[in-house]
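Owing to the predicted nature of the structure, the values given are computational and were not obtained by experimental measurement.
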Amino acid sequence: MRAAVCPAYGPPEVVRVEDIPDPELAPGQIRIQVHAAAVNFPDVLLVAGRYQVPVPPPFIPGSECAGVVTEMAGDVTGFTIGDRVTGTSMSGAFAEQVCLPSTAVTPIPGMVDDRTAAAFGVAHRTAYHALRSAARIGPGDDVIVLGAGGGVGLAAVQLATALGARVIAVASTDEKLSVARKHGAQAVVNHRAGDLRAALRAVIPDGAHAALDPVGGDLSEPTLRALRRGGRYVTIGFASGTIPRIPLNLVLVKGIALLGFQFQDVPADEFARNEAELAEWLARGTVAPHIGAVYRLEQIAAALRHVADGLAVGKVIVQVG
């Protein structure tokens, strides 16, 4: 099969497409013929050897895909050959075939196409669980979303809006902010256009109820200052490449809850509720990922570079089959 291989840690350009043997099917696994895969920022970090959970090279990057079931281990139930499915894993998705545990595979609703299915999983699930179970937003809440043009950020804009919140989208370009507005943001701030703290104060003088931060860096402190007393600040990642230093006196004085989001920290009952709600919204078309760019598998290095340089608007898709 053809697959994108990272032979050694480095920039996106180290990844190359090779002909390699098909993966072996292990007990409990499903073989998927991949049609489309999505590029996420952690893929860039894994290739660079900078992700918190490293994958030793050589390896096939890619954490989410959509395709068709072509084979199942004997102990797998609940699927049949020919089922359209999505799958998630730490790596392996940028290939013509991938073998995944059946627990990491989900059927695709009938009206959802492969690209949409591939783009939906990681970003929308991250954003939704963070909004529902960490930020705990509800109708009428003001929510600041940093990185609102990226995969997780734009998903958060869509989902917070669907939950009835008022979204203040923060991004680096007017193009990204224009897309955020189309997906529900009621106010937008270009953080490169001036003082972010002053701009947020002008939009929400009484402060926001919550903030979602997948960016970090210099944006975190002014956003933290823009929360109202008792607000909830949820950190998801550090796409800026810089882990911020937060003055804890702000947390103390304003009674802010400063939270780090990870899937395993979501209570089991809430996790099941969130997953069911999100699946229903996808099936109904209530929300759908914005796909800003599509690359062929042979262009995988360029796709990774597009995400690494912060150029992605919404999701970047790799068309495999």
Side-chain angles (χ1 to χ4, degrees), residues 38-55 59 61-65 86-93 100-101 103-106 119-138 141 143-148 150-160 163 165 209-217 219-221 223-224 227 231-246 248 251 256-279 281-282 289 307 315:
V39 183
N40 295 289
F41 191 72
D43 299 328
V44 175
L45 297 179
L46 280 169
V47 169
R50 294 169 45 216
Y51 196 61
Q52 55 260 40
V53 182
V55 176
F59 67 93
S63 55
E64 61 181 332
C65 64
T86 60
T88 58
S89 63
M90 183 71 74
S91 60
L100 299 176
T103 53
V105 177
T106 305
F120 190 79
V122 171
H124 279 73
R125 289 177 68 236
T126 298
Y128 198 63
H129 285 286
L131 288 166
R132 286 284 267 140
S133 293
R136 299 193 179 280
I137 69 159
D141 285 349
V143 181
I144 301 169
V145 177
L146 300 183
V152 172
L154 192 53
V157 170
Q158 293 177 328
L159 294 166
L163 287 167
H209 295 85
L212 261 64
D213 181 5
V215 179
L219 304 184
S220 297
E221 183 177 334
T223 302
L224 186 69
L227 291 180
R232 301 173 73 84
Y233 191 100
V234 183
T235 178
I236 299 172
F238 310 104
S240 67
T242 302
I243 298 174
R245 295 179 179 272
I246 297 296
L248 289 180
V251 178
I256 290 169
L258 187 58
L259 305 164
F261 171 77
Q262 295 191 69
F263 284 110
Q264 61 262 38
D265 296 329
V266 179
D269 59 336
E270 293 187 19
F271 190 91
R273 176 204 65 191
N274 297 348
E275 291 285 301
E277 291 173 350
L278 196 54
W281 282 4
L282 173 63
V307 172
K315 296 290 289 195

**Q** Distance from Thr88 atom OG1 to Leu100 atom CG, nearest 0.5 Å?
**A**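 Going from OG1 on Thr88 over to CG on Leu100, the span is 7.5 Å.
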**Q** Indicate yes or no: at least one non-hydrogen side-chain atom of Asp141 is less than 4.5 angstrom from one of Arg136.
**A**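 No - every pair of side-chain heavy atoms lies 4.5 Å or more apart.
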**Q** Locate the shortest heavy-atom distance separating Glu64 from Val122; write the atom from each residue and the value.
**A**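 Scanning both residues, the minimum pair turns out to be OE1-N, 2.9 Å.
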**Q** Quick one: does Tyr128's side chain get under 4.5 Å of Gln158's, heavy atoms only?
**A**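 Heavy-atom side-chain distance check fails, nothing below 4.5 Å.
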**Q** Go through it in stages, so that I can follow the logic: the residues are Ser133 and Asn274, the test is side-chain hydrogen bond (donor to acceptor under 3.5 Å, both in side chains), and I'd like the CA-CA distance, side-chain angles, deciding distance and then a yes or no.
**A** CA-CA 8 Å; Ser133 293; Asn274 297 348; 3.0 Å; yes
**Q** Parallel, tilted or perpendicular: which one describes the rings of Phe263 and Phe271, with boundaries at 30° and 60°?
**A**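 Geometry flag for Phe271 against Phe263: perpendicular rings.
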**Q** Any side-chain heavy atom of Leu146 sitting closer than 4.5 Å to one from Pro214?
**A**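 Yes, their side chains come closer than 4.5 Å.
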**Q** Just wondering, do Tyr51 and Met90 contact through their side chains at under 4.5 Å, heavy atoms?
**A**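 Met90 vs Tyr51: side chains touch.
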**Q** To the nearest 0.5 angstrom, please state how far the CG atom of Leu131 sits from the CZ atom of Phe261.
**A**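 Between atom CG of Leu131 and atom CZ of Phe261 there are 9.5 Å.
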**Q** Within a strict 4.5 Å, meaning less than it, do heavy atoms of the Phe120 and Thr86 side chains meet?
**A**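 No. Closest side-chain heavy atoms not under 4.5 Å.
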**Q** Test of understanding: with salt bridge (Lys or Arg N to Asp or Glu O under 4.0 Å), list the residues that count as partners of Arg50, not counting sequence neighbours.
**A**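 With sequence neighbours excluded, Arg50 shows a salt bridge (Lys or Arg N to Asp or Glu O under 4.0 Å) to no residue whatsoever.
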**Q** Applying the salt bridge (Lys or Arg N to Asp or Glu O under 4.0 Å) test to Arg132, which of Glu275, Glu277, Glu270 qualifies?
**A**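 Single salt bridge (Lys or Arg N to Asp or Glu O under 4.0 Å) partner of Arg132 among Glu275, Glu277, Glu270: Glu277.
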**Q** For the pair Leu227 and Arg232, evaluate side chain to side chain contact (heavy atoms under 4.5 Å, CB included) and give the outcome as yes or no after the intermediate values.
**A** CA-CA 8 Å; Leu227 291 180; Arg232 301 173 73 84; over 6 Å; no
**Q** Hey, could you give me the NE2/NZ distance between His124 and Lys315, rounded to the nearest 0.5 Å?
**A**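 Answer rounded to 0.5 Å: 9.0 Å.
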**Q** Hey, does Leu278 have a side-chain heavy atom less than 4.5 Å from the side chain of Arg125?
**A**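 Yes, their side chains come closer than 4.5 Å.
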**Q** Going through the checks in order, is the side chain to side chain contact (heavy atoms under 4.5 Å, CB included) test met by Leu224 and Ile256?
**A** CA-CA 9 Å; Leu224 186 69; Ile256 290 169; 3.9 Å; yes
**Q** Determine whether Phe238 and Pro244 make a side-chain contact, defined as any pair of heavy atoms from C-beta on separated by less than 4.5 Å.
**A**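 They are in contact (side-chain heavy atoms under 4.5 Å apart), so the answer is yes.
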**Q** Which heavy atom of Ala134 sits nearest to which heavy atom of Leu259, and what is that distance?
**A**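 Of all heavy-atom pairs spanning Ala134 and Leu259, the closest is O-CD1, 3.4 Å.
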**Q** Step by step, would you call Val251 with Tyr233 a side chain to side chain contact (heavy atoms under 4.5 Å, CB included)?
**A** CA-CA 10 Å; Val251 178; Tyr233 191 100; over 6 Å; no
**Q** So do Val152 and Ile236 actually touch side chain to side chain, heavy atoms under 4.5 Å?
**A**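 Side chain of Ile236 against side chain of Val152, heavy atoms only: contact under 4.5 Å found.
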**Q** Using every non-hydrogen atom in the two residues, find where Ile137 and Ala210 come nearest and quote the distance to one decimal.
**A**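 Taking every non-hydrogen atom into account, CG2-CB, 3.9 Å.
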**Q** What is the minimum heavy-atom distance between Asp43 and Ser63, and which atoms define it?
**A**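 Smallest heavy-atom distance, with atoms named: OD1-OG, 3.4 Å.
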**Q** Give me the atom names and distance for the closest heavy-atom approach of Phe59 to Leu46.
**A**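 Scanning both residues completely, I find the closest heavy atoms to be CZ-O, 3.6 Å.
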**Q** If you take all heavy atoms of Leu212 and Ala130, which pair is closest and at what distance?
**A**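 That closest heavy-atom pairing would be CD2-CB, 4.1 Å.
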